[in-house]
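Each ligand, and each atom within it, is numbered from 1 in the order the structure gives.
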Amino acid sequence: MKIMVVDDSKMIQALVKETLESRGITVILAENGQVAKEKLSAGEAVDLILLDWNMPVMDGPSFLVAVKEESLTSSPIVMMTTENKPEKIQEVIEKGVVEFIMKPFTDDVLFGKIEMVTGVSYAV
Ligand SMILES: [Mg+2]
């Protein structure tokens with residue numbers, strides 16, 4: 001499995017990358033929506049995208065709009081966020097988010113969501 005992690009936090013990038021790679025998952029990093037968009041446009045194929053909400057240059061919601069408008073991927077997109085306002089959550093569901101991971105999250109929550117969305121189990 002190959003997962004794209006889109007987050008401007010170097011700490012989150014490193015943490016999630018290490019966690020995913022520890023179970024044999026290939027990780028592609030992008031520091032904002034624009035970089036993620038360029039990688040997908042260039043032909044990078046991933047099975048799942050983990051997307052941050054707040055990022056400079058292009059944030060999560062704007063990335064979702066770009067994905068839809070430019071048909072960049074049909075892979076599921078899971079949002080990693082601290083946002084819990086119902087109207088905000090509804091907004092990104094309408095833009096294509098299939099699941100949420102509330103920050104901060106444990107490895108179990110992360111792999112549980114991955115299994116929920118892809119059907120592939122990484123339980124140990
Ligand atoms: Mg951020």
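- Met116 and Tyr122 end up in different hydrophobic clusters when Ile, Leu, Val, Met, Phe, Trp and Tyr side chains are linked at under 4.5 Å.
- A donor-acceptor distance shorter than 3.5 angstrom exists from the side chain of Lys113 to the backbone of Phe100, with no hydrogens or angles considered.
- Sorted by chain and number, the protein atoms of type N, O or S within less than 2.8 Å of the Mg ion (ligand 1) are Asp8 OD1, Asp52 OD2, Asn54 O.
- A continuous path of hydrophobic side-chain contacts links Val67 to Ile28 [ILVMFWY only; heavy atoms under 4.5 Å].
- Met55 and Val5 sit in two unconnected hydrophobic clusters of ILVMFWY residues. Membership requires side-chain heavy atoms under 4.5 Å apart, directly or through other members.
- Side-chain heavy atoms closer than 4.5 Å link hydrophobic residues (I, L, V, M, F, W, Y) into clusters, and following such links, even through other members, never connects Val35 to Met58.
- Using a 4.5 Å heavy-atom cutoff, the side chains of Thr81 and Leu51 are not in contact.
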